[in-house]
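Report on the following structure.
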Amino acid sequence: MDKNEKFVITINREVGSGGRTVGRKLAEKLGVKYYDKALIEGLTHKFGLSVERIEEIKGQKKSWWNDFNNYYKTLIDSASQPMEAEVKLDTASMFATEKRILEELAAQASCVVAGRTGFMVFRQWPNSLNILIQASMEHRIRRIMERQGVGEQEARDIIAKVDASRETYIKKYEDTSRYDTRNYQLVLSMDTLSEDDAVNVIMAYIG
């Protein structure tokens, strides 16, 4: 990947690994936008989007992407949760909409994308880097207990539920597993790395 040209970096991460924070810090270090599922959902809800609506607005050549990016800044700077959806989409439609939004955003400027669909969306994208952030079960349990203020069993339950949900989601749309390292150019274990350490490793890899 050439960081001097327009690029996309995707971060797939295990819950409790710290991958979301790594992605955000990496984007800050590179001076590019950061997108994750919560942000994309918030943007989708704000603009009442579907794939058809995106194409309609693009066809009208309105300045929607400028509005989209302005709202992005408001959302990422806010601690509030995404607003209630203005449109109700089924899972397949939401996947297609999120995919189209990410492709449009990546076509605009370099970015870091953290989330379960990133490596699928940008698998064939030019000048891209797909990264997997993982950690041992002990590390993940400890981090969730600290971050969410829960006991060990509840942390284990959270991990089991999220892992199963993410793997099911991937297999619904692709004949692969999120744990298949062939989907990534770089795999990091966070057991002995801080989030800043991980960012430094990625920056060194990029060169």
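Computation of the quantities below employed the complete heavy-atom set of this structure, encompassing side-chain atoms and omitting hydrogens, waters and symmetry-equivalent molecules.
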Backbone N/O of Ala114 and side chain of Asp36: donor-acceptor pair under 3.5 Å: no
Criterion side-chain contact (heavy atoms from CB on, under 4.5 Å) on Met1 and Tyr205, from CA distance to verdict: CA-CA 9 Å; Met1 191 200 86; Tyr205 179 86; over 6 Å; no
Intermediate values then yes/no, side-chain contact (heavy atoms from CB on, under 4.5 Å), Ile206 and Phe7: CA-CA 11 Å; Ile206 295 170; Phe7 63 80; over 6 Å; no
Side-chain touch Glu103/Val121, heavy atoms, less than 4.5 angstrom: yes
Close side-chain approach of Arg178 to Met120, heavy-atom, < 4.5 Å: no
Verdict with reasoning, Glu104 to Arg100, per salt bridge (charged side-chain N to carboxylate O under 4.0 Å, His left out): CA-CA 6 Å; Glu104 292 289 345; Arg100 187 64 60 86; 5.6 Å; no
Heavy-atom check, side chain of Phe119 versus side chain of Gln185, under 4.5 Å: no
Main-chain N/O of Asp180 paired with Asn183 side-chain donor or acceptor, under 3.5 Å: yes
Full working for side-chain contact (heavy atoms from CB on, under 4.5 Å) between Lys33 and Leu105: CA-CA 9 Å; Lys33 293 268 182 82; Leu105 292 174; over 6 Å; no
Sub-4.5 Å side-chain heavy-atom contact between Met137 and Arg156: yes
Min side-chain heavy-atom separation Arg20-Ile133 under 4.5 Å: no
Thr21 side chain reached by Lys25 side chain, heavy atoms, under 4.5 Å: yes
Verdict with reasoning, Ile202 to Leu186, per side-chain contact (heavy atoms from CB on, under 4.5 Å): CA-CA 8 Å; Ile202 296 169; Leu186 184 63; 4.0 Å; yes
NZ/NE/NH1/NH2 to OD/OE distance under 4.0 Å, Arg13 and Glu195: no
Result of checking Asn130, Asn12, Thr10 against Tyr184 for side chain to side chain donor-acceptor pair (under 3.5 Å): Asn12
Glu28/Arg24 salt bridge by N-O under 4.0 Å criterion: no
Side-chain heavy-atom pair Arg140, Arg143 within 4.5 angstrom cut-off: no
